[in-house]
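Encoded as structure tokens, the structure appears first; notes follow it.
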Amino acid sequence: MSNLVKETFGVHSTRPELACPSSSVLQQLEDREWKVSVKKNLEIASRAVYLEGKCSESLAAADFTSPETPFLFQLEKTMLDLSSPSLTDGEFYCSFFKLDDVYYCRFFESGVLQGYFLSEGMSQLKNYFEEHRLDMTKLVWLQVSTQDDIKQYHRRYTLKLERKRSHHSLSNPGSDTGRRYVNLLERNKTSILNSHRKLMAKAQTSTESCQLLGTVVNVIKHNSHKENNTQKARFLEASGVFHPILHIWENTIHNYRSKGVPVENPEFKFIFDPPSSSKYTLYDQCKIISCLPNDHYWNEGTHAHVGYGRMLSIRDSTEKYKPASLRNLILYHHRESNYSAIFRLVDKFRNPESSPANSRQNINDDNINIGENMQNSTPRQVRPKRKALNEEDILRNLRTVNPLFTTHNRASDNSLYEKYKTAQTETGGLFWRVHESDIDVLCLNDVNMTTGCLMESSFVHMTRRNVGNVNVYHCTCTLFATLLQLATLDEQPDTEIDSINIKCCHIRYFKEIIEPDYPIYFSTEVFTSPTKSQKSIMLSLAALQKPVILLLSSLRTKKFSVVPNSSQDCKFVNVSRNRVSCQSGECSAIYSFSTRKVIYLCETSNVCPHLQAMKDHKNLWMNVNDIEEDIEDEDEEAFIDNEEDENDLEDTFQPETTQTKRTNFFNPATGLWDFPSLSEHRPKEEDDPALQRAIIKRLAVFDGAEGVVRDTKGYLTGNNPLVLFPPVLEDGCLCGAGYSDDDHPNGALTEVKYRTVVYLTNGPARFEVLGRNCLAANAECQVQYGGSSDSLHFLSKETAAGDEIGWDFVDHALNTHVTFSAYCKIMSKKYRRNFLNSAKFMSPQTFIAWWFSWSSKFKTDFRKPCSICKYNPKFLACDGTKIGISFKNADTDPIEKPTSTEKIDPCHRRNDRCFLNFNSEEQLDAIIRKCRDHLAYTSKKALGQLNQTLEFEEELIRNTLLIETVSGQCSNIMRKFVCNEYHESVQKKLAVIFKFLSTNHSLSSLIPFRYTDLLDSILLELRTSTQNHRINLISDFSPEIRDTLYAALPYEQSFSDVISLFQYLVLRIQRIREKNKDPAPAVRQPSTYNPERYGAAYYFTPSGEKLRDIPIYTMNENAHSKNYDDPPTRSDEQCNKIYPEVSRRGTTYLFLWFDPKHYGHCYGFHIIPGSEGRKDPFSSAYSYLEHAPEEVFYDFSCQFEEYCLNREPGFWENTRFWHDLFHGYSHKCPFCYKSQRICPLQGLNTEICEQFNSFIQKIKYSARSMSLGKFCFYLQYMIHQWCEMKRSSFEQRCDIAAAYLA
């Protein structure tokens, strides 16, 4: 029988059975044989596999796989690129590490230097071990790429290059070989030279657990003997312990090339042969793992790109992805004893064309069952895949903001970012404020969000933190906040955000300009010829030594960047008017505005850390601010806000007699306002060209103009009367004669109809008003003058003014505290400045009537929602403000007044919804209170927050009582916790959870109702498999639960206890939810949108009408106080809000709702004829919203939640309650109400209410004495202007943000 030769996994065999079909029994037996050989060889090499895994973990922990410092793998990748025979004749590279007590060597060789390491290079390592008397048996070595890996890599590269050339019709493909060699050797960012030197710089930061002892790199160019530049043709460089013996390396390499005898490296087929011995030395074991293919790109169908974190035999730093190469996957699964996965990998490597989809699924599925017997698992409910929001999401969302947005401005080479980068490098200020192992803070110039240009006297702080080997960036600039808003603009409710890739110009500048050379700036290495940017960065390091640095500032205000002595929290501090003020909102809330007079700063003790730093380092800043005498220079706005001009109430001295015939100005049928006037046309918008032409025409009427004089009362008039008349109409008249013809091109005018005073910007002028006749003088065809053609608005026949007067008052009202009477005075003074004896402007009463009639003629329907989130928004913020009208004018009922006779009893109360809930017996309730106090004590003790501890016996008694009182499902974990039996990390994470559970706040604030099903499914999966990456989904509602699970994960029993605790909490919350009563159905109540009657105007629906009646809540009769229905557990955790019984000077309050997610649109208001309370946000939302919002921000949310769940839990069950950022710092309640814990909520403008309060105070005095109708219209008009300004500003910021993405 002739012998048939068959190749199996690179092994040539003459055994005849190998020629059998693959489906035959004999072939199956053969498969079983090689599987047995593979398994035995790997088991014999277990020690090397284990040590290699430890070495990989050490390299990853030392940031060698970090995207910022991947220089080791960059170097190895470039060596692979250069190993092409067309570029080099041979290469050799070796890196030598000490990782704890193990020595680790990685080497790469190709071409004529193949086999050099085991033949000659290993001798150099032996010499080092002998010289330092080290144990050679602790050396683990690994060949980076086998010769087959190199061939496969360059085969793919060649095919890729050929496809590229075929598309671009390139000729002479070999002409750029020399240029590619030079680029890969020294010019590219990841070239051999640059990567090696950055790697040497990183070696300076080595720790005892991870030391890079030395490296050797040798590159021999193809046909190097023909090159004149021998240094580039035969590149050789060494570092560390190899640098002193560089000449030895050079000689051995030269000798090896000429007459060396290579020691053959093992091939892949070695692993399929039965082991020759049952015990291998570590050296032989390293041969086994080095023979495995290490091509990271072999599985192209799965991933087109392979990150550095996947080039080791462990999972990457995010724990999401497994290794990439066949070698690393085999080592990874071997450590998991998952041989079935190893056999599938080998089978896929042999037959990549067979079942690619199935193979890919098996290899990369993170949830495969470990073990040889794969068992079917029941399908689970899958939530939408988490996504990483990026630039494409931002650009798509920009079109949501502005459908007309285009990307033409992003295609320019001269983009805004390029301009910023140049300006920051050449003229900007750069200061490195904090540099630690886990954080860097830099101070850079800000950019103008209107023009996009760098601002010389405005600065921001850019922060980079290292969290779990992942760099997290943040910036205080408006551009970063805008990009964050845009990234989450179109987020679907069920889509969870995994990470947000936001790069403002400052983060981008850091990543592109600073980060590439980051290790060099903090090493002894210097730049040979530094660039401008490198020089500025090196100069910025001097700021690290100064806690306080002066920034480029204006003459009146000095700005400083301050780093406190005891923290890394860098903030800005301003010094102006002899006052030093910290700009941190947190400091402002905690330290009473954190503002002190300079002369008293040294005597003050209760200051924020930043002012303390200013106090401790006066020598760094005192000389830049000349301290003047202690003069009470109060701020002008503060003065106006606290003091009233005696004329501010002039508007109320006389009743508005011109309006006594009409008291109602709102039409419920149309939803529009209409104040009476002679003119009925719509005024011109302020940017209308017709208005600009009319203004130019009126500006011709001034003192000194030809034919213009003043009469005896100071009115502008003419030698010939100034006239107003309708323009010539092109349309025909009723009788058919028409208004003009060739003989009468200007038509025919009537006699003077009446004489009026038109108030111009130059002064009041008398005009005669005429009409227009048709050519037949038919009375029915006569056209009256209304002012539209000249942009004039007539209040009556006696009074008129141009539209520019109305817009001028709007500008004053939006930007100052001007009142109607004050504006009249301003205009009168302006008139007399032009002409000493000029007549005055309108009286305040007349001007009020004129302005209201003018503004109402715009016929604006104020029921407009946010242009992005539309009606019934999911994110809302609310607050009350001190602006209103006199009580005598506020003829409206409180919004919380019941409008239904139905009585509602609470489904459950505060103490029913907490962890340690009350029972019916008062004696047991007292025990519950004691247990809550002791649980809080135990939690604080574990967190190190106690000043004094209990006696041992007393603590033991309380521990026993607590364990006996809690539910049986929690008694085990409670016993271990109070006895401190858990690992320290688990104990502290549990302490955070139990500290919350010691309060009587609702469990739903820790685990919201709408997330219970998700958490329950994750916990069930964790019972069966800890390899569940859905744990990260928990961070979207409770990062503390996620952290506790991760802390307990390494400890099997602790992990089981923690899961049981959270499953119990989920069950409790679900039982609470089962008791919730459904809200009343949402039904439109016609004619209830009438601000003039009800003092409320909300725009949650297109009609603005109420949807529900307010029933009678029996809870209101039994409430403990205005702040609480039931008091919190402990007085030291009680948050209080002061609700004044009567507002300032007997005026009403105002309550408003806003959208905090986008540009701050106001969704309306209602008047409070008394004082604000939790009743206002509850009643307004329940009455006007079809569905409760998913997220609510209120300055008293911790107790607002109790109010809502006590009355309408079914309506509010899917709502999360948060404090706004401004007030959240001062609250004493648990962490569950702080929105900054949740990543997707960090980009929200939760301070929008405070920003609006600052704006709306400008109309406080002008509005105080209005009637209810006028006040509501005035408020709606000004809120509409606010929303339009915010929307326009937001769109402008978005355009600048889009330009910076270029």
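Positions are given from 1 along the sequence. Just so it is clear, the structure is predicted and the values come from calculations on it, not from any experiment.
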What I'd like to find out is whether the side chain of Val1083 reaches to under 4.5 Å of the side chain of Arg1108, using heavy atoms alone. no

Between His1161 and Lys864, is there a donor-acceptor pair closer than 3.5 Å when you use the side chain of the first and the backbone of the second? yes

Would you call Glu1190 and Arg1216 a salt bridge, using N to O less than 4.0 angstrom? no

Of Tyr1113, Phe1211, Tyr1184, which meets ring pair (Phe, Tyr, Trp, His ring centres under 6.0 Å) against Phe1178? Tyr1113

Decide whether Asp1109 and Ser900 meet the rule of one side-chain donor and one side-chain acceptor closer than 3.5 Å. no

Once you measure the plane-to-plane angle for Tyr1233 and His1219, does it fall in the parallel (<30°), tilted (30-60°) or perpendicular (>60°) bin? tilted

Are Lys1157 and Phe875 in a cation-pi setup, meaning NZ or CZ lies under 6.0 angstrom from the ring centre and within 45 degrees of the ring axis? yes

Parallel under 30°, tilted from 30 to 60°, perpendicular over 60°: which one fits the rings of Phe1252 and Phe1154? tilted

Proximity of Phe1200 and Phe1217 rings by center, below 6.0 Å: yes

Sub-3.5 Å donor-acceptor pair from the side chain of Gln583 to the main-chain atoms of Ser581, do we have one? yes

Arg1293 side-chain N/O to Thr482 backbone N/O, donor-acceptor pair under 3.5 Å: no

Are the side chain of Arg910 and the backbone N or O of Asp1126 linked by a donor-acceptor pair below 3.5 Å? yes

Report the relative orientation of the aromatic rings in Phe1273 and Tyr1277; use parallel for angles under 30°, tilted for 30 to 60°, perpendicular for over 60°. tilted

Ring-face cation contact, Tyr1203 with Arg1207, 6.0 Å cut, 45° max: yes

Answer yes or no: is there a donor N or O on one side and an acceptor on the other, between the side chain of Asn815 and the main chain of Asp811, under 3.5 Å? yes

Is a side-chain donor or acceptor of Ser1235 paired with a backbone partner of Leu1241 at a separation under 3.5 angstrom? no

Heavy atoms of other groups near Arg1093 CZ, more than 12 under 6.0 Å: no

With heavy-atom distances below 4.5 Å as the criterion, would you say the side chains of Phe1255 and Leu814 are in contact? yes

Closer than 3.5 angstrom, by distance alone: can the side chain of Thr1088 be matched with the main-chain N or O of Lys1106 as a donor-acceptor pair? yes

Arg909 versus Asn1000, side-chain donor and acceptor atoms under 3.5 Å: no

Taking the side chain as C-beta and beyond, is there a heavy-atom pair between Pro1102 and Arg863 under 4.5 Å? no

In Å, rounded to the nearest 0.5 Å, how long is the span from CD1 of Ile1110 to CD1 of Ile895? 7.0 Å

Got a second to check how far Ser1180's OG is from Lys1175's NZ, nearest 0.5 Å? 10.0 Å

Could you check whether His1166 and Tyr1094 have their ring centres less than 6.0 Å apart? no

Would you confirm whether Glu1092, through its side chain, and Leu1268, through its main-chain N or O, come within 3.5 Å as a donor-acceptor pair? no

Side chains of Thr1215 and Cys1204: closer than 4.5 Å at any heavy-atom pair? no

Please report the shortest heavy-atom distance between Thr999 and Cys914, naming the atom on each side. O-CB, 3.8 Å

Is it the case that the side chain of Ser1179 and the backbone of Asp1176 share a donor-acceptor pair, with hydrogens and angles ignored and the cut-off at 3.5 Å? no

Tell me whether Arg1174 is salt-bridged to Asp1125, with the criterion being a basic N under 4.0 Å from an acidic carboxylate O. yes

Assign the ring pair Phe1290 / Tyr1159 to parallel, tilted or perpendicular, where the plane angle (0 to 90°) is split at 30° and 60°. tilted

Exercise: do Glu1186 and Asn872 side chains pair donor with acceptor under 3.5 Å: no

I need the Cys1162 SG to Met1278 CE distance, nearest 0.5 Å. 14.0 Å

Using the ring of each side chain (for Trp, its six-membered ring), is Tyr1163 parallel, tilted or perpendicular to Phe1100, with breaks at 30° and 60°? parallel

Would His1187 and Asn1214 count as having a side-chain donor-acceptor pair, cut-off 3.5 Å? no

If I take atom SG from residue Cys1272 and atom CZ from residue Phe1165, how far apart are they, to the nearest 0.5 angstrom? 4.5 Å

Centres of the Tyr1098 and Phe862 rings: under 6.0 Å? no

Does a side-chain heavy-atom distance below 4.5 Å link Pro1169 with Tyr1149? no

Cys866 and Asp1155 have their tightest heavy-atom pair at SG-OD2, 3.5 Å

Between Leu1185 and Leu1107, is there a side-chain heavy-atom distance shorter than 4.5 Å? no

Counting C-beta onward and ignoring hydrogens, is there a side-chain heavy-atom pair between Ile1256 and Leu1275 closer than 4.5 Å? yes

So does Ser867 get a backbone contact from the side chain of Lys870, meaning a donor-acceptor N/O pair under 3.5 Å? yes

Nearest-0.5 Å distance, CG of residue Asp1043 to CD1 of residue Ile1041: 10.0 Å

Would you say that Phe996 contacts His1001 through its side chain, given a criterion of any heavy-atom pair below 4.5 Å between the two side chains? yes

